[in-house]
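Heads up: the structure comes next, in structure tokens.
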Amino acid sequence: MPDYVIVGAGSAGCVLAARLSEDPSVEVLLIEAGGSDRHPNVKIPAAFQKQFKSRRDWDLATEPEPHCAGRSLYVPRGKGLGGSSSMNAMLYVRGHPLDYEKWAASGAEGWDWDGMRPYFLRAEDNARGDSEHHATGGPLRVEDERSPRRLTGDFLESCVTVGIPRSPDYNGTEQDGAALVQVTQRKGRRWSTADAYLRPAGKRRNLTVISGAQVLGLEIANGRATGVSYRRRGRKHVAAAGRDVILSAGAIGSPQLLMLSGIGPAEQLSDLGISAVQDLPGVGENLQDHPYQTSVWDVPGGGSLADAERPKAVLEYLLRRSGPLSSSVAEAFAFVRSKPGLAQPDLQFHFAPAYFVNNGFEEYDGHAITMGPALVSPRSRGWVRLRSADPSDKPRIQTNSLAEPEDVAALVAGARLAREIAAAEPFGSRLGRELLPGPDVATDQDLADDLRARVELLYHPVGTCRMGSDEDAVVDPELRVRGVDGLRVADASAFPLIPSGNTNAPTIAVAERAADVIAGKPLLREDTTGGTAAGE
Ligand SMILES: Cc1cc2nc3c(=O)[nH]c(=O)nc-3n(C[C@H](O)[C@H](O)[C@H](O)COP(=O)(O)OP(=O)(O)OC[C@H]3O[C@@H](n4cnc5c(N)ncnc54)[C@H](O)[C@@H]3O)c2cc1C
């Protein structure tokens with residue numbers, strides 16, 4: 001019998017499987033619903049969007065959002081080895097140190113910046129080399145984009161013209177400023193957690209991976225999780241766990257599995273005919289994601305990623321793994337503050353030398369650039385709930401994005417700043433007409449209405465199995481589900497608050513730390529002299 005059964009081979013699950021199986025005396029079973037990650041749309045960076053609504057996508061969506069003109073927002077989630085790290089845009093962002101101070105202050109004791117930083121570094125193999133802020137030798141390869149477009153350089157210069165400083169490293173001393181992105185790629189190919197962690201550990205005799213197997217629920221006896229049931233090729237199986245079942249099914253999948261197993265808000269569950277094993281009202285609550293707005297300009301002189309699939313670009317990628325196909329589409333960021341007096345940036349501009357509108361589903365006959373300011377600390381909170389007791393039914397999701405006037409105001413300020421950047425040199429003389437929101441959208445009210453009509457999510461759902469020390473928290477700071485023995489949740493759902501940036505690197509760091517917590521190892525912690533020490 002395996003000691004640990006891990007559900008979900010995504011960003012977190014692959015890390016946990018690899019780290020826990022480093023101890024040869026421990027048996028690990030990793031179960032994943034999806035299949036192989038060998039498709040070119042997984043490996044070729046610029047093709048990530050082609051996975052949307054394919055069999056590698058859970059293809060979820062929110063219920064009509066009350067503050068987004070009643071629209072349902074698309075929620076893609078990776079399905080297959082690597083999970084969402086095999087589908088994401090590969091942007092390597094840790095967030096702001098203050099984010100993790102807030103985690104600890106909210107009750108996630110030990111998960112402050114000094115507790116998290118050593119795990120970001122343990123994971124990392126940064127092509128820029130060892131430095132105060134970066135490490136080499138870890139499993140997760142982080143590189144600079146190989147062929148940023150000239151338009152991306154123009155964006156950075158135009159930011160400087162409007163007073164946004166160039167930042168050498170948004171994961172370094174200061175998050176503020178405009179910078180080229182770093183990406184989880186190796187030599188121009190995606191480097192998911194399946195590449196970084198699972199494949200190197202794959203030959204271990206104490207690690208078994210079962211793919212194409214959807215977990216249906218937990219086996220629970222006398223208040224203890226004893227295993228999981230799963231369906232593979234139409235047949236139902238049970239896998240027993242000697243020590244722990246670890247849910248790493250992501251911010252939608254993990255609360256869904258808890259609720260299907262009777263762990264969650266008892267009243268809601270009983271309405272669906274599920275008898276509660278443990279009444280935990282917090283399960284599925286506290287959903288957070290980053291809303292973002294797109295501002296788009298035509299580029300008469302060309303030079304965007306619209307040429308990425310031309311034969312010359314394909315050849316360049318095949319021969320040298322460079323050129324537009326090695327692009328993560330978003331090639332630069334600007335972290336800015338929408339108003340004075342904020343302790344940290346509240347907007348993260350994603351700059352794409354491409355027309356990227358409506359999740360990339362809309363096409364444009366020409367060249368364009370997109371600036372997408374995302375709100376990094378949204379105030380609104382949403383939820384994930386079951387649609388029915390059937391595990392194959394997609395859950396109900398609501399983010400409540402734009403419920404809070406301050407969130408709307410910050411994004412409206414972002415749209416205005418996008419226009420300033422577009423008007424500043426060198427963009428001023430290179431960009432053509434404003435395509436979106438369009439020159440007629442002029443007043444703050446117009447911009448707010450446009451925002452509600454077009455806002456999208458940045459694919460960063462977190463927080464639905466919140467870690468904390470209070471009674472409403474779903475897991476404690478050791479990631480144990482309250483009231484059920486032998487059960488942990490370790491993935492983006494355990495985040496108490498959404499970090500101020502993209503969520504893959506934070507999920508990997510959480511899983512790295514979770515592996516030490518679960519194995520009972522001494523936890524790494526930054527010491528006061530800036531070094532890293534093992535301690536408690
Ligand atoms: C399109 C897209 C673009 C993104 N871009 C970026 C980016 O550029 N940078 C960044 O930092 N972040 C990005 N993200 C977010 C980031 O990838 C996620 O936050 C992170 O991968 C979450 O990790 P996780 O382990 O919590 O979940 P996941 O990686 O989603 O893993 C969950 C795994 O569990 C499996 N699973 C779920 N339910 C079951 C079940 N019942 N039975 C068996 N298996 C199950 C899933 O198939 C999946 O493999 C993006 C996400 C998406 C979808």
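For this chain, numbers begin at 1 and follow the sequence in order. Just so we're clear, the structure is a prediction, and the values are computed from it rather than from any experiment. Values below: all heavy atoms of this structure, side chains included; hydrogens, waters and symmetry mates excluded. Counting starts at 1 for both ligands and their atoms, in listed order.
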**OP:** Under 4.0 Å, heavy atoms only, figure out whether ligand 1 is touched by the backbone of F48, its side chain, both or neither.
**Re:** neither

Original post:
Considering T503, D57, T184, which one's heavy-atom position lies nearest to atom 15 (C) of ligand 1?
Top reply: T503

**OP:** Find out whether the Lys NZ or Arg CZ of R186 is both under 6.0 angstrom from the six-membered ring centre of W191 and within 45° of the ring's axis.
**Re:** yes

**OP:** Return yes when A213 approaches ligand 1 closer than 4.0 angstrom through a heavy atom, no otherwise.
**Re:** yes

Original post:
Taking NZ, NE, NH1 and NH2 as the nitrogens, is one of them in E478 or R513 under 4.0 Å from a carboxylate oxygen of the other?
Top reply: no

Subject >> For atom 25 (O) of ligand 1, the protein heavy atom that lies nearest, with its residue and separation >> reply: A12 N, 2.9 Å

Original post:
What do the steps show when you test R480 against D476 for salt bridge (Lys or Arg N to Asp or Glu O under 4.0 Å), and what is the final call?
Top reply: CA-CA 5 Å; R480 293 176 294 217; D476 70 10; 2.9 Å; yes

Subject >> Part of H460 within contact of ligand 1 (heavy atoms, under 4.0 Å) >> reply: side chain

Subject >> N504-ligand 1 polar pair, N/O distance under 3.5 Å >> reply: yes

Original post:
Does the distance from a Lys or Arg side-chain N to an Asp or Glu carboxylate O, for E512 and R19, drop under 4.0 Å?
Top reply: yes

**OP:** For ligand 1, note which part of T507 has a heavy atom under 4.0 Å away: side chain, backbone, both or neither.
**Re:** side chain

Original post:
Do the two ring centres, one from Y74 and one from F361, sit under 6.0 Å apart?
Top reply: yes

Original post:
Should V7 be counted as touching ligand 1, given the test is an N or O pair under 3.5 Å?
Top reply: no

Subject >> Side-chain ion pair, D346 and R379, N-O less than 4.0 Å >> reply: no

Original post:
Can you check side chain to side chain contact (heavy atoms under 4.5 Å, CB included) on Y292 and H350, steps first, answer last?
Top reply: CA-CA 9 Å; Y292 80 107; H350 290 64; over 6 Å; no

**OP:** Indicate yes or no: does an N/O atom of G253 lie under 3.5 Å from an N/O atom of ligand 1?
**Re:** no

Original post:
Counting only heavy atoms, which portion of P506 has something under 4.0 Å from ligand 1: side chain, backbone, both, or neither?
Top reply: neither

**OP:** Go through the side-chain N and O atoms of S500 and D99 and say whether any donor and acceptor fall under 3.5 Å apart.
**Re:** yes

**OP:** Could you tell me the residue and atom name of the protein heavy atom closest to atom 47 (O) of ligand 1, and the distance to it rounded to 0.1 Å?
**Re:** E32 OE2, 2.7 Å

Original post:
Is there a nitrogen or oxygen of S493 sitting under 3.5 Å from a nitrogen or oxygen of ligand 1?
Top reply: no

Subject >> Pick from N88, D491, V215, V75: the one approaching atom 13 (C) of ligand 1 most closely through a non-hydrogen atom >> reply: N88

Original post:
With only distance considered, is G34 within less than 3.5 Å of ligand 1 through an N or O on each side?
Top reply: no

Original post:
Does ligand 1 have an atom under 4.0 Å from some heavy atom of Y92?
Top reply: no

**OP:** Ignoring hydrogens and angles, tell me if any N or O in the side chain of R466 forms a donor-acceptor pair with the backbone of N286 under 3.5 Å.
**Re:** no

**OP:** May I ask you to identify the nearest protein heavy atom to atom 30 (O) of ligand 1, giving residue, atom name and distance to one decimal place in Å?
**Re:** S84 OG, 2.7 Å

Original post:
Has ligand 1 got any nitrogen or oxygen that is less than 3.5 angstrom from a nitrogen or oxygen of S11?
Top reply: yes

Original post:
Hey, looking at atom 43 (C) of ligand 1, which of C14, G13, A33 has the closest heavy atom?
Top reply: A33

**OP:** Say whether D491 and S254, considering side chains only, have a donor N or O and an acceptor N or O under 3.5 Å apart.
**Re:** yes

Original post:
Does W58 reach ligand 1, in the sense of a heavy atom lying below 4.0 Å from it?
Top reply: yes

**OP:** Output yes when R385 and E63 qualify as a salt bridge under the 4.0 Å nitrogen-oxygen rule, no when they do not.
**Re:** no

**OP:** Report the nearest protein non-hydrogen atom to atom 27 (O) of ligand 1: residue, atom name, distance rounded to 0.1 Å.
**Re:** G250 CA, 3.5 Å

Original post:
Do NZ/NE/NH1/NH2 and the carboxylate oxygens of D393 and R387 come within less than 4.0 Å?
Top reply: no

Original post:
Can you check whether A89 has an N/O within less than 3.5 Å of an N/O in ligand 1?
Top reply: yes

Subject >> ligand 1-proximal atoms of L257, by part, heavy-atom distance under 4.0 Å >> reply: side chain

Original post:
Do the numbers put R321 on top of the ring of Y317, so that NZ or CZ is under 6.0 Å from the six-membered ring centre and no more than 45° off the axis?
Top reply: yes

Original post:
If you measure every N/O of L91 against every N/O of ligand 1, is any gap under 3.5 Å?
Top reply: yes

